[in-house]
Structures are given as structure tokens and as C-alpha cells.
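Below, read A as the first sequence line, B as the second, and so on, with proteins coming before strands; counting in each chain starts at 1. Keep in mind that the numbers below use all heavy atoms, side chains included, and drop hydrogens, waters and symmetry copies.
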Protein chains: 2
Amino acid sequence: MDVRTLCLGALMGGEATGYEIRKMFDDGTFSHFQIASLGSIYPALTKLTQDGMVTFVEHEQENKPDKKIYQLTSEGRRTFLRTLLQTRPAEDRYRSDILFMLTFAEEMPIELTEALIDEFAARHELMSMQIDPDNPDKPAHQKFHGRDEDGKPSPGCCFVAGLGQAMCNATVKFIRENKQGLLDELRNRKANKP
Amino acid sequence: MDVRTLCLGALMGGEATGYEIRKMFDDGTFSHFQIASLGSIYPALTKLTQDGMVTFVEHEQENKPDKKIYQLTSEGRRTFLRTLLQTRPAEDRYRSDILFMLTFAEEMPIELTEALIDEFAARHELMSMQIDPDNPDKPAHQKFHGRDEDGKPSPGCCFVAGLGQAMCNATVKFIRENKQGLLDELRNRKANKP
DNA sequence: ACTATCATATATCAATTCGATATAGTCAAT
DNA sequence: ATTGACTATATCGAATTGATATATGATAGT
């Protein structure tokens, strides 16, 4: 899925600026399973405007930079829904430097191994909290998407959020249960083979 | 982590061709947490050769294309280990078209929603089996990496593999427990609001 | 018997995307 | 005072993907 399609999807939840769309992918609704950088979002919005998929209104703000508030056109909405029906989803891709590095735990000082594991766990604990769509502590920009008139998140969003939390929690649990065993084994090997 | 570093890491487990390195990221040891395509691996190996990090021997094969078998130089090995110590790992990035699409479940036919969920579960079940480093059914190219003299996978590899399996299993479990609930709710909503 | 398709193997390249940087103002903190 | 963080848009070089080309053998379907 290209960034243009991701932007259309982001705007399905209502109007937003390019900056706010980035936040949805960085902090917000989509953050645990999609990525899009500013360097791709702004050109995508320009292209979508040219193609009549979105329109924008320019808002001058006092003491702040101007805003361009983007909105789906009916054609943009139709195009996105058609894409949903026709797209064969690409394979999931998960990329983790930490796990790659941990693969070489035997070649590293044990303190580094432990630090990497702790960081991995901490990141997933944080993410698990961030994902919760009903978490009241979250800033507004994390709440853009997929809510109905009552402000409740859509069933699809809840399902995906729950799935993300389950994955994070499983990660944290596995580390809690297996970290010490790994460190002990690494220490043993170092003692026996110097 | 750039593809050059990933290639050095792949060659830590022994000599390999570019094609075999791709398989490690596609099918093999690294497949569930790193990605590298042929279009980036071959140029990376060329660059690494120029920089003295790897060397290769050309093998002519009867009735098959020639092979270039790459091997780490001692400088390549040193460089990789230094990189391990000095690199701040980037944030993990997970990208899933299916989860993005499922976010819009309310806008799709229920059959599509169910098909997407089933595919997601099937992919994760498959991956969970593929990850197992002791699975005897796996083809040779999935066994390249991180084994000691006895052929046992390294502790780091086992830990990372176990973590990957835990994530996959949690995903499958969540779907088993929550899929029907989502479909029921979607059907209810469709019945009430046409 | 014919025809796909897949697997091995390397290589190239256009299109996409990332990541860093530039600009610019507000606000809070040290 | 000045450093860093947040809002906001925009651009661009560098890295990477994904598709394609080339060559051959094996396997499987019709």
C-alpha cells in the first residue's frame, strides 16, 4: 500500500493536516502497524489534490504557521473503498534492529545484551499502553480515527488495537520468563570458553 | 541498520552466496524480523568487496548459473562487531496492510473482513512453524545461521526465535478468541443501520 | 506432449520512500 | 539567554523496493 492510499485512509476519519496525518502514523491510531514519514505524506497530499481525491482549506493562524486542512472528496472516498475491495494485501513486514542484534548475543558483552532486552521490553510496554483506544490520557491527535457519532472507536479499530496489545503483552511476558535464562546461559558459555 | 551491515551479519554464520543471503531474510533465520531484497543485497556485496569487508570465490557449476560464494574478511568481522557495540538500534517498524484494512471493517463486506482475518491467522501460524530453529523439516537454507560446532543454534538465535513464536502464537490465540465477536458486532450494526 | 511455474543464480533500474534538513514562530525550562 | 520541544510545511539526496532480464533444470498440471 502506497502512502497515497494510507493518506486517504487517514482522512476517512475526518479532516486533518499533513502534520496530523503523520501523528496518526507516528503516535496515533495506525502507529503500531503502519509507517509514513512527512517526506512522503506531503508529496502524496499534493498528488491527491491534483487528482481530485482531496481538497484543502488554508487556515491562517495567529503566531503559528499556516495550516492546510485536508478533506476527502466523494471521489477520494469512493476510490479508497474500491481500493479496499480490490487490493491484495502485501505480506506483513516486521523490522527490528534489536532482535537482529540479539541474534549475536554470544559476540557481545552481557551488559549490552541485557540492555537491549530491557529496551525491547520497555518499548513494547509503552506501546501496549499507547494502543488502547479508550485510554483517557491520550492526547487528541491520537484519537482521530474510526469513531462514530458517539465518539466510540469502530469495531475494526478495537479489534486491531486489541490484537496489537496482545502481541505487545506476549512479548513482555516472554521476556519476563526467558531473559534470565538467556543471560545465565551466556555467562556459562563465557566461563567455559574464554 | 543498512543492508551492508545486515549482509555482514548474515555472513557471520559462514560463507554464502547473495541468493542464499536473500533466503535467510526471506525464509530463514532472519525472516521474521528483518527484510532485505535482492536489489539491495547484490549492490551491498559489491560495495563490501570494494571496501575489503568480504571476499568471494567464483564457482562454475554444470548446468546452473555461476555462483559467487562470499566470505567475511577479518576486517569485515571486526567491523561488524564494532557496529554491534556502537549502534543505537532504530525503532522497530511493523507494517501490515491487513491490519490497516481491517481498521475499516465497517466499510467492507463481512466476507472480506473474515477472509482478511483468516489470512492473517494463517500467515502467523505458518510463520510460527517456520521460526522454530529445531524444526527438522526445514530446508537447508533456513539453517545457516548462528550454530556452533555441534550444529546447535546459538542462545541468541533461540531467544529471538522463541520471542517470534510467542508473538505469532499470541496473534493466533487473539484471533481465535475475538474473531467471532467482531463479525457478530459488524452484522448487528449492518442490520440496525442500513 | 506441451506448457506453466518454480527454484537456482546474478544483475540492473525506475519508482518509491526514508531521513535529514530548512524555515519559522511559540512556549517552557534552565 | 539559550536550549530544546511542539506545531507546521516543504524539499531533496540517499537508500530501498519491486519488477524485470537472462539462463537452465526440474517438476507438475492439462
What is the distance from OH of B:Y42 to C1' of C:dT12, rounded to the nearest Å?
-> 12 Å
Residue closer to the 5' end of DNA chain D, A:S40 versus A:I69 (nearest nucleotide) = A:I69
Are any of the side-chain heavy atoms of B:M12 and A:E107 separated by less than 4.5 Å?
-> yes
Has A:K23 got a side-chain N or O lying under 4.0 Å from the OP1 or OP2 atom of D:dT7?
-> yes
Does A:R22 place a side-chain N or O at less than 4.0 Å from the phosphate oxygens OP1/OP2 of D:dA10?
-> no
Can you tell me how far P of D:dA23 sits from CG of B:D66, to the nearest Å?
-> 13 Å
Could you tell me the separation between the CD1 atom of A:I41 and the C1' atom of D:dT9, rounded to a whole number of Å?
-> 12 Å
Whole-Å distance between C:dG19 C1' and A:F25 CZ?
-> 18 Å
Could you check how far OH of A:Y70 sits from C1' of D:dA10, rounded to whole Å?
-> 10 Å
Looking for any heavy atom pair under 4.0 Å, which part of the strands does B:R4 touch: base, sugar-phosphate only, or nothing?
-> nothing
Report the residue (A:V3 or A:L38) whose heavy-atom-nearest nucleotide on DNA chain C is the more 5′ of the two.
-> A:V3
Distance, rounded to the nearest Å, where A:H59 contributes NE2 and C:dG25 contributes C1' | 19 Å
Aromatic contact, A:F56 with A:Y70 (centres under 6.0 Å) = yes
Options D:dC6, D:dT17, C:dT10, nucleotide nearest the side-chain atoms of B:S37 = D:dT17
So which heavy atom on B:Q34 is nearest to which on B:L6, and how close?
-> OE1-CD1, 3.8 Å
How far apart are the closest heavy atoms of A:S128 and A:Q165, and which atoms are they?
-> O-NE2, 2.9 Å
When B:G18 and B:R95 are each assigned the nearest nucleotide of DNA chain C, the 5'-most assignment goes to B:G18
Which is true for A:T17 with a 4.0 Å heavy-atom rule: it touches a base, it touches only sugar-phosphate, or it touches nothing?
-> sugar-phosphate
In whole angstroms, the gap separating C1' of D:dT17 from CE of A:M1 amounts to 17 Å
Distance under 6.0 Å and angle within 45° of ring axis: A:R22 vs A:Y19 | yes
Round to a whole Å and report the spacing from CG of A:D2 to P of C:dT16.
-> 8 Å
Any side-chain N or O of B:K68 less than 4.0 Å from the OP1 or OP2 oxygen of C:dA11?
-> yes
